[in-house]
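Scroll down for the structure; my scribbles are underneath it.
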Amino acid sequence: MTTARSTAATPTAGHFDLVVFAATPGGIACAVRAAREGLRVLLVEPSAHVGGMWASGVQVFDTRYAGHRCPILTEFVARLAEYYRTRHGSGSPQHALACFGDPSRHGERPRYEPQAAESIFRDILGETTGVRLQQGYRPGNVTKDGTTVQSVHFVPARPGLEGFRVSATVFVDASYEADLAAAAGASFRTGRESREEFGEPHAGRHFTTIEPIGDAGHSLARRLNLHFFNRTSRQAFSGSTGAADRAIQAYTVRLVLTDQEENRRPVARPPRYVRETYLGVLDRAADAHQRAYPLSSHLLHGSLESLRFAANMPNGKMDWLGGNLVGGNHDYPTATLLRRQEIYRAHMDHALGLLHFLQDDPAVPLAVREHTRQWGLARDEYRNHDNLPPLMYVREARRLAGKHVFTEHDALRHPKHGRTPIRADAVAFAEWPMDSHDCSPVRQRGSCNDGEFILAEQTLPSQIPYRCLLSDAADNLLVPVCMSATHVGWGTMRLEPVFMHTGEAAGVAAALCVRDSLSPSKLPGCELQWQLLQRQIGVTYFADLDLSSKESWVRDIQFLGSRGFFGSYHASPDAPLDPVRAQAWPGALACWLEGEKNPDDIARAVTAPSATTLGLRPLAPHTPAAALLRRCGWNEKTPRTVRDAAQVFGAALREAEAVGIPA
């Protein structure tokens with residue numbers, strides 16, 4: 001294993017091209033990409049670990065997409081499979097668990113141990129020239145000149161360290177709490193918006209159920225080339241007022257358990273154990289919903305006798321997420337460090353207390369006690385942290401109030417075409433169902449806890465605009481983790497694969513800013529997007545494209561897709577360019593050059609039976625734009641495939657946007 005470059009006791013103050021706060025998967029992707037682009041990078045992490053939640057309890061890829069989305073994530077996936085192949089053999093159970101499985105079966109996504117994830121991340125960092133890792137620090141005072149962050153004073157996160165101040169051309173906050181961005185004066189959203197604020201159907205106070213999705217889910221997954229997801233929400237109960245409040249998704253400490261006797265450590269009763277907290281596991285009375293048990297909804301319904309633990313990770317382990325402390329985290333996003341530590345301890349005690357209750361309480365059926373008693377903490381995980389995860393699963397904290405707010409509507413089918421809203425400045429995409437864990441420990445009879453939902457039937461792959469990473473308060477700051485979103489919209493963005501995607505995009509943006517002496521807020525979206533595509537960083541999801549391909553037409557189709565030239569998730573690159581599109585695409589180009597840049601209107605027009613009826617005018621033959629198309633190789637009388645035409649229009653549109661050619 002390669003050791004990441006790190007300072008020991010005395011950190012190096014001074015100036016860097018880029019300072020990244022937090023060695024989460026997104027922060028690592030950002031730092032590594034920027035360093036590979038030639039930047040001098042400082043990566044600051046408050047804990048003694050790297051890898052964020054992938055090294056602290058979230059031991060599964062929360063994604064429905066098994067394909068390529070960005071190089072560093074693909075590299076991590078490949079290294080993960082190789083890690084288990086070399087240790088246990090090709091095709092071994094451990095190796096199989098670390099790979100994507102049958103897409104028609106719910107949940108068959110890579111699973112791995114925390115120590116494996118951290119080892120791989122340390123190898124990647126250690127092999128990357130240009131990244132300096134400094135651990136044990138969190139942001140303190142931020143010095144600004146107007147809206148430009150000049151320097152940050154990092155203060156020790158643990159005793160025995162000295163603080164230091166560092167300046168940089170660009171700063172990135174890749175933490176789960178956005179403490180650096182907040183210290184820089186960025187505005188944030190916390191809690192839940194009302195239904196009225198953005199017209200989101202599932203905003204605010206909401207009661208529903210989670211149920212099997214059925215055949216419709218299989219059909220959707222096959223059509224979009226996504227893995228099957230078997231749970232969705234459909235009903236709405238009385239009391240779903242949509243009112244705004246400070247509630248957020250429940251946190252948990254995701255314990256790593258094992259039933260392997262030689263590696264199993266018994267679970268002890270925590271010091272602050274309160275039995276009454278867990279009685280909802282047993283309470284099935286008609287009025288049970290009136291008692292506010294701070295437990296996950298799935299523990300409050302059904303038969304306790306059906307509860308089963310099973311290994312879902314390599315080497316006989318499972319990551320257990322049943323310990324949600326519902327409502328116990330509402331103070332956390334803006335709390336002091338001391339208060340956050342108290343909240344962490346409360347969540348740890350809650351998770352351990354629930355296990356103790358299931359294993360030892362005489363009111364729990366004997367069969368359940370005997371079954372759960374076979375499981376304990378894995379001794380070989382978190383060896384320096386009492387076999388307990390060093391991080392709590394902070395599912396939602398601050399959300400940047402950025403230049404674009406990603407809402408529920410951004411992940412729903414647009415009424416004018418077959419995709420979600422199209423964003424010309426997209427730098428990444430999301431595809432996980434918009435979801436939320438329990439927000440408050442109250443429910444209606446038959447419902448889940450307030451705020452829990454999964455919108456698997458409604459959510460479609462969506463584009464994440466660059467503006468979601470930008471704050472008006474700090475021109476040279478990028479926020480690729482706590483991005484700008486509503487509570488509901490956050491549900492499709494809040495996964496580590498997305499954070500690595502947006503993190504790597506932020507690394508490229510930082511490199512371009514240093515190269516061209518620009519702040520991130522001044523970086524042209526067209527230039528950034530094309531540079532991302534040049535590096536095989538996807539910006540537009542298509543079900544029938546291999547986004548890892550280095551073929552230029554794959555980049556062109558994604559580029560045009562972010563401008564409305566495709567109205568569905570299928571590019572059909574080998575199909576002939578039909579007569580309607582052969583007429584519509586020149587008209588779409590004219591719209592862009594004339595400043596009529598609404599990609600959703602263009603997508604509607606190019607998929608209509610007759611494009612001219614929806615306002616796409618043919619290019620006049622003697623205009624500069626028509627000459628540009630001809631120069632790029634366009635002859636509308638020559639039959640072409642979609643891929644060939646995309647190369648012509650992609651080149652023409654990029655040149656036109658770069659130099660401002662008029663229609």
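- A ring-ring contact (aromatic ring centres under 6.0 Å, His included) with F429 is found for one member of F406, Y569, Y541, F542 and no other, namely Y541.
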- With side-chain hydrogen bond (donor to acceptor under 3.5 Å, both in side chains) as the test, would you mind laying out the steps for R69 and H501 before giving the verdict? CA-CA 7 Å; R69 63 198 308 155; H501 197 165; 3.2 Å; yes
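- Using a 4.0 Å cut-off between a side-chain N of Lys or Arg and a carboxylate O of Asp or Glu, R467 and D472 do not qualify as a salt bridge.
- A salt bridge links D319 with R111; the closest basic N to acidic carboxylate O contact falls under 4.0 Å.
- Here the closest heavy-atom approach between residue L477 and residue D173 is recorded as CD1-N, 4.1 Å.
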- Yes or no on salt bridge (charged side-chain N to carboxylate O under 4.0 Å, His left out) for R40 and D17, after CA distance, side-chain angles and deciding distance? CA-CA 5 Å; R40 184 168 175 258; D17 296 317; over 6 Å; no
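- For the pair R87 and E113, the salt-bridge criterion is not met [side-chain N within less than 4.0 Å of a carboxylate O].
- For the pair I28/M500, no side-chain contact is recorded, criterion being any heavy-atom separation below 4.5 Å from C-beta on.
- Between the side chains of R555 and Q534, at least one donor N or O sits under 3.5 Å from an acceptor N or O.
- Once rounded to the nearest 0.5 Å, the distance linking CD of Q249 with CH2 of W490 reads 9.0 Å.
- Taking CD1 of I464 as the start and OG of S484 as the end, the distance is 11.5 Å to the nearest 0.5 Å.
- Separating the CD atom in E127 from the CZ atom in R122 is a distance of 13.5 Å, to the nearest 0.5 Å.
- Minimum interatomic distance between G322 and S296 (heavy atoms only, all atoms of both residues): O-OG, 3.7 Å.
- A side-chain N or O of E396 and one of H487 form a donor-acceptor pair less than 3.5 Å apart.
- E504 has no carboxylate O lying under 4.0 Å from a charged side-chain N of R535, or vice versa, which leaves the two without a salt bridge.
- At distances below 3.5 Å, not a single donor-acceptor pair connects side-chain atoms of H49 with backbone N or O atoms of L391.
- Taking 4.0 Å as the cut-off between side-chain N and carboxylate O, D435 and R231 do not count as a salt-bridged pair.
- A donor-acceptor contact closer than 3.5 angstrom is absent between the side chains of Q135 and S47.
- For the pair R515 and E527, the salt-bridge criterion is met [side-chain N within less than 4.0 Å of a carboxylate O].
- When all heavy atoms are compared, the tightest approach of A397 to Y176 is CB-O, 3.5 Å.
- Taking 4.5 Å as the limit, every side-chain heavy atom of L97 sits out of range of all side-chain heavy atoms of Y84.
- Both the sub-6.0 Å distance and the 45° axial angle are not jointly satisfied by R339 relative to the ring of Y332.
- Under the 4.0 Å criterion applied to side-chain N and carboxylate O atoms, R395 and D438 are not assigned as salt-bridge partners.
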- Message: Please determine whether salt bridge (charged side-chain N to carboxylate O under 4.0 Å, His left out) holds for the pair D516 and K522, giving the CA-CA distance in whole Å, both sets of side-chain angles, and the decisive distance to 0.1 Å.
- Response: CA-CA 10 Å; D516 297 337; K522 302 298 184 183; over 6 Å; no
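- Judged purely by distance below 3.5 Å, without hydrogens or angles, the side chains of R398 and T190 never pair a donor atom with an acceptor atom.
- Judged by distance alone, with hydrogens and angles left aside, the side-chain atoms of E200 form no donor-acceptor pair with the main-chain N or O of F198 at under 3.5 Å.
- Once rounded to the nearest 0.5 Å, the distance linking CD of E177 with CG of L337 reads 10.0 Å.
- Using modelled atom types and a 3.5 Å distance limit, the side chains of D410 and S462 yield no donor-acceptor pair.
- Side-chain contact between I537 and V508: present, with at least one pair of heavy atoms (C-beta onward) separated by less than 4.5 Å.
- Checked options Y137, F164, F171; the residue passing with F154 is F164 (criterion: ring-ring contact (aromatic ring centres under 6.0 Å, His included)).
- K144 places a side-chain N or O within 3.5 Å of a backbone atom of A184 that can act as its donor or acceptor partner.
- For the residue pair D425/Q529, the side-chain donor-acceptor check at 3.5 Å is not satisfied.
- Only one option out of T492, N225, L226, T420 pairs with P461 in a side-chain contact (heavy atoms from CB on, under 4.5 Å); it is L226.
- Here the closest non-hydrogen pair linking P114 and M313 is CD-CE, 3.9 Å.
- Residues Q115 and E381 have side chains that bring a donor and an acceptor to within less than 3.5 angstrom of each other.
- Closest non-hydrogen pair, V41 versus V20, comes out as CG1-CG2, 4.2 Å.
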- Message: If you apply the rule ring-ring contact (aromatic ring centres under 6.0 Å, His included), what do you find for Y344 with Y251, and how did you get there?
- Response: CA-CA 9 Å; Y344 167 83; Y251 298 173; over 10 Å; no
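- Side-chain atoms of R165 and T143 form a donor-acceptor pair, as typed in the model, at a separation below 3.5 Å.
- Atoms CG and NE2, on L545 and H68 in that order, are 12.0 Å from each other to the nearest 0.5 Å.
- Ring pair F100/H227: centre-to-centre distance below 6.0 Å.
- For R132 (side chain) and L42 (main-chain N/O), no donor-acceptor pair under 3.5 Å exists by modelled atom type.
- Rounding to the nearest 0.5 angstrom, the gap separating the CD1 atom in I454 from the NE2 atom in H437 is 7.5 Å.
- Side-chain contact, W54 with Y112: a donor N or O sits under 3.5 Å from an acceptor N or O.
- Between E431 and Y65, the closest heavy-atom pair is OE1-N, 3.7 Å.
- The pair E197-R192 fails the salt-bridge criterion, with no side-chain N (NZ, NE, NH1 or NH2) lying under 4.0 Å from an Asp/Glu carboxylate O.
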